[in-house]
Each structure stands twice: as structure tokens, then as C-alpha cells.
Amino acid sequence: MTRLPAHDVLFEPIRIGPKTLRNRFYQVPHCTGFGVVKPGGQARFRAMKAEGGWAAVCTEYCAISPDSDETPFISARLWDDGDVRALSLMCDEAHEAGALSGVELHHSGVHCPRREYRLPAIAPSQLASEYLDVVPKAMEKDDIRRVQSDWVKAAIRGRSAGFDIVYVYGAHSYLPMQFLSPFYNHRTDEYGGPLENRARFWLEMLELVREAVGDDCAIVSRIAVDALSPYGIELEEGLAFIRLADHLVDLWDVNIGSALEWSKDSGASTFFEEGWQLEWTRRAREATAKPIVGVGRLTSPDLMAEIISSGVWDIIGAARPSIADPFLPRKVELGEYDEVRECIGCNICIVKADPGGNIGCTQNATAGEEFRRGWHPERFEPAANADRDVLVVGSGPAGMECAIVLGKRGFRRVHLVDAEDEIGGILRWIPRLPGRGKWARVLNWRTIQLGKLRNVEVITGARLDSDAVRTYGAEILVVATGAHWAADGLNRVTHEPIHGADASLPHVLTPEQVMVEGKRPPGTRVVVYDGDGYFMAPGIAELLAAEGCEVELVTSHDEIAPFCHVTLEDVFLRRRMHEAGIRFHRSVVLDEVSEGGVKGTDEFEEAFELDADGIVLVTHRLSNESLYLELRGDEPALEREGVEALYRIGDCVAPQLIADAIFDGHRLAREIDSEQPAVPLPYRRERPAEVATAAVG
Ligand code: ADP
Ligand code: SF4
């Protein structure tokens, strides 16, 4: 395979201030859950991307001082020399792999949760945060001077940690933007009022930081050029600020949105197409000749090359595409286009990292596991028991991933068998839900991988019973038979079925019946009952509404699809459903389903009733575990057939996120030659050095 000449432009070096990027791929700052708390995790995670060809890798937001304490979220910090030591590890590893390292120095101002710090937040004016329970202290001149001096000290610490790139971070409605935005800044002194005054804090900061470290480090400013809401500035002011500050900046990192609505920045694929930010961020070119980096979940090398060739931006920024495939630049460079694991825009990486978690990714099971489990996304150790034959039953996300990793670990023969005519399990139909089309990438990438592995054979249209599995001829059996939606209304609130709910009746439906079997309610009035809280109920509601049904979405949750809040989809989802005419009923527990409608109780324990022709039950998923249990229940029979090991993975263990089912399949295959593969090997934990000292002393 060779690279298309049109993509050569992506591999031209470019200078930013005193530094040179080796190509045009730049990992913009993004959260991980590592911060300075897990320096090993931080270092190896970023270094993997450096190895994968990114020219620069940046930290997540990095607090300059305790009054920007992000607890319970995990930010990086540069408060003292201990933080310098923690982050220098990342710089060393990034440098070793040929990348520059960047630190996103930040102060959150009014948007500061401070669960550790406890003292009041500070902000330009005493105006409450629009999304946190914070009313700040209005900064006095002394506070302004101190924050600026803290920023400079953090920049100097950053330089000594080894960072090549130092940010003055103003996006996401953080402190410099709070000074710039009339929404947050009601001051009447020289820091408030006209644009030149509101810009003063940010400009002074840039000047001071530049003076302190500008000879050695590239100075980058991140700015949301348009907040697309009141929580920042509008485009014309954004461009005006870029003009004012241009002489102080080596690289403009441009995006859109705000802290409350960073859903517009980290847009889910359900609502945002690749490159959607360009509409606003391309305008930055009017205001500067300095290099520009922008984002927009870019994974298409054609679009990237077009952006650079046309001069709109100079550098392709990425957070999520670099998580889904740390080796994206390398693969494009080598022309291995079909190897790129494209981000699907599901935002599970955010769910995993925030607050205080460990980053993970649907597409890339190794994300966040580089240090603690020592996993490399592109390298696989030959398995000690590779001379065995393996049968994987079920080709959903878990089964596919497991078979691929077993194949890459050199097993003699791996058979991936599925009852259906096509592989993919739930991925055969989930991408058909409104807006979920990009999720098909999870299946597409794995289909291509399976096709390349000569030791893995895919067999479809074969439903295996326990006898067939036992006598298949494989020494290792992996059951990945997935899960199904309850057909009787079993739910998390009552832990019981719903009276009258039975999906064998024409007016009661499960998601699989709607999506796979094409079953439809007998009339047009439909209740979709959600006890799940994620995308399934809204998806089915939208689908049926588009087909002309009058849909009532009834949920036992206080919110519509609460899990979609963490995936940054909730606001858009509600709006789109509202526009489709779907009516919402929150905090309702149904206890009876009949041909004419549903009955239940609301949060005030008052009777709830709706007339309907049919109901779709999205209440609870249950593992398809009977095959596994039958096999497990007759160990002597397994022994007789020469079976050495039997495992189960994915939804067959417990219904879970696609990301977790894939992780489970991957984990088993990585550890299938350990002493007890069913039990995960312990992972490396990182404890603060003080704990070790205290334990000794
Ligand atoms: P997961 O998310 O855990 O990977 P899925 O539900 O997506 O699970 O996939 C399970 C797959 O297993 C489905 O494609 C289904 O057809 C297949 N399957 C279930 N039972 C059997 C069986 N007995 N024999 C072969 N394939 C099976
Ligand atoms: Fe992309 Fe989803 Fe992975 Fe995040 S979790 S990087 S959105 S595929």
C-alpha cells in the first residue's frame, strides 16, 4: 500500500515559534483521568500517540494554582515541583518517540468545583456559574496580579518539566474567556467594558508568559471563536481578539462552544458530522497569518489534506480520533488506510474519564491501559498456548474483538461462529437507529481485520447447541452469545415483570422485534417505556415517529435518557425528539400493560394512564447465558471431548456498554495464557509517593 500523493501535505514539518512539528498531526489537550495523579498512565498514554506519529501531544487542562482545583474531576496540575516531576515523565516519553509535548495551563475561574480546596472561587465579577453551584468572589486587582504570577510560575515549571508548548487556555469559558466575555465580566474598571478592556487580562497574561518562557517554548492560545451561546463571545469578537493578541501567540488553537455546552466542541456523531466546526473556525484565517490548529472529529485523510492544502488551517488537531487510533498518522503515512480505527463519536471516552475515572474507548480497547496493563494497540505477544484451537461462539462486539486478538497472538486456528447470516451481533442493527450510523465503524473495522487474519475463520448461519460446541474439536471455548431485552417488562425499579407485558402479543414489543424482526404495533399510538436510560428508547421512539406513529416516551427516570447527559447528547436528543412530536413523561413507573394502553404511577404516587395501541419495552437486558451454563454444568463431558478451558465474555456475562463488551473480549484474549485467564491479572496501580513514605515511616 502506498500513500496518496494528495496526502503528502500532511507530512510537511511546520514551525511554531521556537519549535518545529514534524508533521501536521497534533493531539490537542483532552482529559484522561490521569492528570498528575497517575503519572505513569499519563506518560504512556501520550507516548503511545507520539509513537503512532502525532507531532505533538498535550496534557489535559492543567491547573496553575489551588484556586483552580477541579476535584472531583482530575486535571493535571503545576502547583509545585512534585507536579513537575510527575509531568516530566510524559515529556521524556513523548520526546523519546519524536513528538513535542504541550501543557494546557488553565484556570477555571467561576467554573471551579474546588472539592479539595474549599475556599471561594474567583472570577471577574460576582456572577454565579451557569452550571455549577458556585458564586465566586469578584477578583480584586491583587487577585489579578497573583493569578498572572501563578500562571507565569506554572509556565516556568512547565518548561522545566520539559514541555515544548505552553498554553494560555481561554476556551471552554475558563478564566481568560470569562474576562473577555460580557456574560461573565460586568466590571467597570480597566478590565471591563469595551473589548480592549475585557481583553486586557488575557493579553497581559500572554505577554508575561511569553516574556518568561517564549524563547524556549511555543506559546499557544486556545480560543472558542464562537460560543454559539451567551457563555463566551460571538465570532466577530473572537476574530477581533485574535487580531489584538496575534503578535503574542505562536499557534492559535481554535474551537467553538462553552463549558456548559462543550457538547458543541466534543460533538457526538449523532448530531455532528465530521468537520462541523470548520464553519466557524475557518474564519480565524481572516484574523491571523500565524499557524492554526482546529478540531472536528477528523478521521478522513482526504478532508484533512484539503483543509491544509486550502490554507484554512495549518495543523490537524484531534482528541477523540487520537484516542480511537493512536497510530492514525503512521497508518496514513504508510498508506494503510483500512487499518485506521476511526472514532465513532460516541463519547464513551468522556464517560470513562470523567469524573475521576480512567479513560477508555469503544473502538480502542487498549486506550488507558498502556501503562497499567502494558497493552500496545498494535503489538501482540505470541500466546504460550497458541497451538490450541479456539472456538468463539457469537460474533458480537465481544466475540469479534476476542477472535481478532487471539488471531494476532498467533493461535493455530480460531473459529468465530454465529447463528445469524452476518457477523456483528447487536452491531448489525444498532447503526440503523437514527443518528447511530457512524457506529457501524466498530463492525467495519473488525470485519476488515477478521478478513486479514488467515488463522481466523468466520462461520455464519450456524446456531450451535451445547453438544455441538462441546464436540466442535476446539480445546478452548469462548462463549460470547450476548444478551436480549426482557420481553415481560422486568425493570430496575420493581425488579419484577409488568402485569400484562408479554412480547409474544401483537401490542407488546421488544427493541429486537422492532429492529430485527420488523414487528410493528397494531395501531399508530405507541408508548416507548424506558427503564434503561441510554440511546435505545430515544432511538426507537424517533424511528417510530419517523414512520408516522404518535409516540409517548415514558421513563422511570427523572430525566429523559440520563446517560446521554454524560455522552453530551441529551440536549440535542430531547430537542430532536420534541421536534418529531414525541411527548415525554418523566418519573413514571408502569405496572400494567393492556391492549388499550398502559397504567402506572407518577412521582407523587398518583395514577398515570395513557391510551395506546402498543408498547415497546426498553426496560432491562438479560444475558444469553444458557449455552454457557449448560456447558459449565457438565465438566466431565467437556473433559471427555478434550476441552481444556471454557470462558464467557461480553454481554453474556452481564449486559454492558459496547465499549466494555469489546474490552472484555480483548482482555480475555490478551491474558488467555495466564494462570487463570477467567480472572483478570492485577493491573499496576499508582499511589502518591507520600503514601509510600508514610507506609515506611
Ligand atoms: P456482545 O455485545 O457480548 O458481543 P451481541 O449480542 O452483540 O453480544 O452478540 C452475540 C452474538 O452471538 C449474536 O450475533 C448471536 O447471533 C450470536 N449467538 C448467540 N447464541 C449463539 C449460538 N448458540 N450459536 C451461535 N451464535 C450465537
Ligand atoms: Fe471516539 Fe467513542 Fe473512542 Fe471516544 S470512545 S474516542 S468518541 S470511539
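Just follow the structure's listing: the first ligand is 1, and inside any ligand the first atom is 1. Residues: numbered from 1 along the sequence shown.
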Study note, to complete from the structure: When distances are taken from atom 4 (O) of ligand 1, the protein heavy atom at minimum range is A398 N, 2.8 Å

Point to revise | Short N or O distance, C652 and ligand 1, threshold 3.5 Å exclusive | key: no

Exercise for review: Considering only NZ, NE, NH1 and NH2 on the basic side and carboxylate oxygens on the acidic side, decide whether E569 and R436 come within less than 4.0 Å.
Suggested key: yes

Review point. Within 45° of the ring axis of W375 and under 6.0 Å from its six-membered ring centre, is that where the NZ or CZ of R373 lies?
Key: yes

Revision key, fill the gap. Min over D418, I459, V393 of heavy-atom distance to atom 14 (O) of ligand 1 lands on D418

**Study point:** ligand 1 N/O within reach of P397 N/O, cut-off under 3.5 Å
**Key:** yes

Practice item. Evaluate ring pair (Phe, Tyr, Trp, His ring centres under 6.0 Å) for F535 paired with W439, printing each intermediate quantity in order. Key: CA-CA 12 Å; F535 65 87; W439 290 28; 5.0 Å; yes

**Study point:** Protein residue, atom and distance nearest to atom 25 (C) of ligand 1, heavy-atom basis
**Key:** A419 N, 3.3 Å

Review point. Is it the case that R441 places NZ or CZ above or below the six-membered ring of W445, under 6.0 angstrom from the centre and within 45 degrees of the axis?
Key: no

Review point. Angle class for the F380/H666 ring planes (parallel below 30°, perpendicular above 60°, tilted otherwise)?
Key: tilted

Review point. Does R222 make a cation-pi contact with Y169, if we ask for NZ or CZ under 6.0 Å from the ring centre and within 45° of the axis?
Key: no

Exercise for review: Below 4.0 angstrom from a heavy atom of A480, which ligand 1 atoms are there? Numbered from 1 as shown, please.
Suggested key: 10 (C), 11 (C), 12 (O)

**Study point:** Protein heavy-atom partner closest to atom 2 (O) of ligand 1 - residue, atom, separation in Å
**Key:** D651 OD2, 2.9 Å

Exercise for review: Check each atom of ligand 1 against the heavy atoms of G650 and keep those under 4.0 Å away; list them by number with element.
Suggested key: 3 (O)

Exercise for review: Using salt bridge (charged side-chain N to carboxylate O under 4.0 Å, His left out) as the criterion, point out the one residue from E60, E93, E370 that pairs with R46.
Suggested key: E60

Review point. What are the protein N/O/S atoms, named by residue and atom, that sit under 2.8 Å from atom 1 (Fe) of ligand 2?
Key: C343 SG

Practice item. Specify the protein heavy atom at minimum distance from atom 9 (O) of ligand 1: its residue, its atom name, and the distance to 0.1 Å. Key: G396 CA, 3.4 Å

Practice item. Please work out whether the ring planes of F563 and Y534 are parallel, tilted or perpendicular, with thresholds of 30° and 60°. Key: perpendicular

Point to revise | Protein heavy atom at shortest distance from atom 7 (O) of ligand 1 | key: I426 N, 2.9 Å

Review point. Is the closest heavy atom of M400 to ligand 1 under 4.0 Å?
Key: no

Review point. Does ligand 1 have any atom that is closer than 4.0 Å to a heavy atom of G665?
Key: no

Review point. Of all the atoms in ligand 1, which lie at a distance below 4.0 Å from a heavy atom belonging to G482?
Key: 3 (O), 5 (P), 6 (O), 8 (O), 10 (C)

**Study point:** Interatomic distance, D418 atom CG to S395 atom OG [nearest 0.5 angstrom]
**Key:** 3.5 Å

Review point. What are the two closest heavy atoms between I662 and T362, and how far apart are they?
Key: CD1-O, 3.4 Å

Check your understanding: Under the salt bridge (Lys or Arg N to Asp or Glu O under 4.0 Å) criterion, do R640 and E635 qualify, and how do the steps go?
Key -> CA-CA 9 Å; R640 273 199 307 278; E635 301 274 352; over 6 Å; no

Practice item. Evaluate the criterion ring pair (Phe, Tyr, Trp, His ring centres under 6.0 Å) for residue pair F327 and H376; output intermediate values, then yes/no. Key: CA-CA 11 Å; F327 278 67; H376 188 291; 5.4 Å; yes

Study note, to complete from the structure: A student checking ligand 1 against G425 at a 4.0 Å heavy-atom cut-off should list atoms 7 (O), 9 (O), 13 (C), 14 (O)

Revision key, fill the gap. min-distance protein heavy atom vs atom 24 (N) of ligand 1 -> L464 N, 3.1 Å

Practice item. Classify the angle between the aromatic ring planes of H7 and Y337 as parallel (below 30°), tilted (30 to 60°) or perpendicular (above 60°). Key: perpendicular

Revision key, fill the gap. Judged by heavy atoms only, the candidate from T481, I649, V516 nearest atom 20 (N) of ligand 1 is T481

Review point. Can you say whether the rings of H30 and F45 are parallel (under 30°), tilted (30 to 60°) or perpendicular (over 60°)?
Key: perpendicular

Exercise for review: Decide yes or no on salt bridge (Lys or Arg N to Asp or Glu O under 4.0 Å) for R379 and E51, but give the supporting numbers first.
Suggested key: CA-CA 12 Å; R379 250 181 256 138; E51 189 188 329; 2.7 Å; yes

Review point. Going by the order shown, which atoms of ligand 1 are within less than 4.0 Å of some heavy atom of E420?
Key: 16 (O)

Review point. G394 heavy atoms, cut-off 4.0 Å: which ligand 1 atoms fall inside?
Key: 11 (C), 12 (O), 17 (C)

Review point. Which atoms of ligand 1 have any heavy atom of A483 under 4.0 Å away?
Key: 6 (O)

